[in-house]
Engineer: 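Got a structure for you, written out below as structure tokens; questions coming shortly.
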Amino acid sequence: TFGDTRAFRRRVVEISPAMIGTVPVYDAVARYGKAVAQISVDDFFDVVRLHAEDGVDFMTIHAGLTRAAVQRLRRNPRLTHVVSRGGSLLLEWMERNERENPFYEHFDRLLDLCRHYDVTLSLGDGLRPGCLHDATDAAQIQELIVLGELTKHCWQADVQVMIEGPGHVPLNEVVANMQLEKKLCHGAPFYVLGPIVTDVAPGYDHITSAIGGALAATYGA
């Protein structure tokens, strides 16, 4: 997210035996050096194309954070609001420009690039909970419903897709989150950011997320 990101990205792709994923929205901010609201739709998609040309295997795109989801968020205030970096950047862009999420509005354009360059789409959860208080709330589920609809569009366009899952989820809600994703996203692969099952162990996320991850894996992550 700083400096010559393209040279770095190409070098990583060249030497890494593992799959490489990127978040183009991060790079758009670094590449153009503009205020977020001044980045154009074409700017966003030019960065997506550059990442695809550089040979990344998958990209995380927060296409499910729609204006409807933002309204749901406003009607159901959170303790920690939006903690996703990509989600917060797109939220600022949408609010300042009073426009729909460009990756949702022009989703077919995104799919054309993914299909052409054989890039897997990782549908990011821009409204994932940042604390246990916000877990499994209306905004998170609103976005998940949209991600499920976009999943079908991906498959119809012959683009591989996976769904990014929540971060902070109390232990007793992990299974429900897995079941919701499997149902709403039609069994698409689900990868979870933990889930982190407590807010009170900073510095020990490797432990708190392993607990949530073990339970999530048991139910299909």
Side-chain angles (χ1 to χ4, degrees), residues 19 21-25 48 56-73 76 78 82-88 90-91 100-115 118-130 134-197 209 212-221:
M19 293 182 292
T22 58
V23 188
V25 169
V48 170
V56 303
D57 299 284
F58 68 94
M59 297 184 204
T60 297
I61 306 283
H62 302 82
L65 203 173
T66 62
R67 296 193 76 176
V70 173
Q71 290 299 320
R72 185 80 65 185
L73 181 67
N76 299 272
R78 285 180 160 184
V82 177
V83 298
S84 160
R85 185 181 185 196
S88 64
L90 283 171
L91 177 63
E100 182 58 272
N101 182 337
F103 293 112
Y104 177 77
E105 185 177 3
H106 303 284
F107 195 66
D108 287 339
R109 181 177 177 182
L110 178 63
L111 292 180
D112 287 343
L113 285 169
C114 290
R115 182 173 58 248
D118 192 22
V119 174
T120 293
L121 194 56
S122 162
L123 293 176
D125 57 340
L127 296 177
R128 69 174 180 268
D134 299 336
T136 326
D137 69 352
Q140 179 193 333
I141 303 306
Q142 171 82 39
E143 183 180 33
L144 190 63
I145 291 170
V146 176
L147 295 184
E149 294 169 348
L150 296 179
T151 294
K152 286 187 173 181
H153 285 293
C154 291
W155 288 337
Q156 290 166 359
D158 197 27
V159 172
Q160 295 189 85
V161 60
M162 54 185 169
I163 310 298
E164 184 181 49
H168 291 246
V169 178
L171 198 62
N172 64 307
E173 293 182 17
V174 173
V175 174
N177 272 264
M178 290 303 310
Q179 293 170 334
L180 278 170
E181 187 278 341
K182 290 295 183 181
K183 187 71 172 181
L184 294 175
C185 296
H186 320 291
F190 193 34
Y191 74 96
V192 287
L193 307 179
I196 297 172
V197 296
S209 65
L215 186 56
T218 302
Y219 283 84

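Note that these values count all heavy atoms, side chains included, but never hydrogens, waters or copies made by symmetry. These numbers were taken from a predicted model, which means no experiment stands behind them.
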Engineer: Please determine whether side-chain contact (heavy atoms from CB on, under 4.5 Å) holds for the pair V192 and V169, giving the CA-CA distance in whole Å, both sets of side-chain angles, and the decisive distance to 0.1 Å.
Structural biologist: CA-CA 10 Å; V192 287; V169 178; over 6 Å; no
Engineer: Is the shortest heavy-atom distance from the side chain of V83 to the side chain of D134 under 4.5 Å?
Structural biologist: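 The answer is no; the side chains never approach within 4.5 Å.
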Engineer: Are E105 and R67 side-chain neighbours, meaning at least one heavy-atom pair lies under 4.5 Å?
Structural biologist: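 Sidechains of R67 and E105: no contact.
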Engineer: For side-chain contact (heavy atoms from CB on, under 4.5 Å), just list the numbers for L110 and M59, CA-CA rounded to whole Å, side-chain angles, deciding distance to a tenth of an Å, and then say yes or no.
Structural biologist: CA-CA 11 Å; L110 178 63; M59 297 184 204; 5.8 Å; no
Engineer: In a table with atom names and distances, give each donor-acceptor pair under 3.5 Å that connects a side chain of residues 118-130 to protein atoms at least two apart or in another chain.
Structural biologist:
from, atom 1, to, atom 2, distance (Å)
S122, OG, T60, OG1, 3.2
S122, OG, Y191, OH, 2.7

Engineer: Can you name the residues that form a side-chain contact (heavy atoms from CB on, under 4.5 Å) with Q179, not counting sequence neighbours?
Structural biologist: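 Expected list: V175.
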Engineer: Could you tell me whether the side chain of N101 and the main chain of L65 form a donor-acceptor pair under 3.5 Å?
Structural biologist: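 Confirmed, N101 side chain pairs with L65 backbone.
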Engineer: If you measure from CG on L147 to CD1 on I141, what distance do you get to the nearest 0.5 Å?
Structural biologist: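 Answer rounded to 0.5 Å: 10.5 Å.
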Engineer: To the nearest 0.5 angstrom, please state how far the CG atom of N76 sits from the CG atom of D137.
Structural biologist: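 If I round to the nearest 0.5 Å, the distance is 7.0 Å.
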Engineer: If you define the side chain from C-beta out and look only at heavy atoms, does anything of C154 sit under 4.5 Å from L111?
Structural biologist: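 The answer is yes; the side chains approach within 4.5 Å.
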Engineer: Suppose the criterion is side-chain hydrogen bond (donor to acceptor under 3.5 Å, both in side chains): which pairs have a residue in residues 141-161, not counting sequence neighbours?
Structural biologist: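 The answer is R72-Q142.
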Engineer: For the atom pair CE (M162) and SG (C185), what is the distance rounded to the nearest 0.5 Å?
Structural biologist: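 The CE atom of M162 sits 13.5 Å away from the SG atom of C185.
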Engineer: Going by side-chain contact (heavy atoms from CB on, under 4.5 Å), name the residues that satisfy it together with R109, two or more places apart in sequence or in a different chain.
Structural biologist: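 side-chain contact (heavy atoms from CB on, under 4.5 Å) check on R109 returns V41, D42, F45, H106.
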Engineer: Per the side-chain hydrogen bond (donor to acceptor under 3.5 Å, both in side chains) rule, what does the pair list look like for residues 165-175, sequence neighbours excluded?
Structural biologist: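 Residue pairs with at least one partner in residues 165-175: T136-E173, H168-D199.
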Engineer: Identify, with sequence neighbours excluded, every residue that meets side-chain hydrogen bond (donor to acceptor under 3.5 Å, both in side chains) alongside E164.
Structural biologist: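 Counting only residues at least two positions away or on another chain, E164 forms no side-chain hydrogen bond (donor to acceptor under 3.5 Å, both in side chains).
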Engineer: So do the side chains of L91 and V82 get within less than 4.5 Å of each other, counting heavy atoms only?
Structural biologist: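 When only atoms from C-beta onward are counted, V82 and L91 do touch, with a gap below 4.5 Å.
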Engineer: Suppose we screen for side-chain contact (heavy atoms from CB on, under 4.5 Å). Which residues come up paired with S209, at least two apart in sequence or across chains?
Structural biologist: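 Only I196 meet the side-chain contact (heavy atoms from CB on, under 4.5 Å) criterion with S209.
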Engineer: Closest heavy-atom contact between F190 and P166?
Structural biologist: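 Result for this residue pair: CZ-CD, 3.6 Å.
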Engineer: What's the shortest heavy-atom distance between V146 and G64, and which atoms?
Structural biologist: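 Between these two residues, the closest heavy atoms are CG1-CA, 3.8 Å.
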Engineer: Any idea which heavy atoms bring P24 and T22 closest together, and the distance?
Structural biologist: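 Heavy-atom minimum between the residues: CD-O, 3.6 Å.
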Engineer: Taking only residues at least two apart or on different chains, which pairs with a member in residues 181-191 satisfy salt bridge (charged side-chain N to carboxylate O under 4.0 Å, His left out)?
Structural biologist: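 Salt bridge (charged side-chain N to carboxylate O under 4.0 Å, His left out) check on residues 181-191 returns no pairs.
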Engineer: Indicate the atoms forming the closest heavy-atom contact of A139 with L73, along with that distance.
Structural biologist: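 Taking every non-hydrogen atom into account, CB-CD1, 3.9 Å.
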Engineer: Under the side-chain contact (heavy atoms from CB on, under 4.5 Å) test, which residues partner D112, sequence neighbours left out?
Structural biologist: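 In terms of side-chain contact (heavy atoms from CB on, under 4.5 Å), with neighbours along the sequence ignored, D112 is linked to R115.
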Engineer: Quick check on Y104: does its OH atom have over 12 non-hydrogen neighbours (other residues, nucleotides or ligands) under 6.0 Å away?
Structural biologist: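 For Y104, atom OH is not crowded (no more than 12 foreign heavy atoms under 6.0 Å).
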Engineer: Let me check something: any side-chain donor-acceptor pairs from residues 212-221 under 3.5 Å, sequence neighbours excluded? List them with distances.
Structural biologist:
from, atom 1, to, atom 2, distance (Å)
T218, OG1, A214, O, 2.8

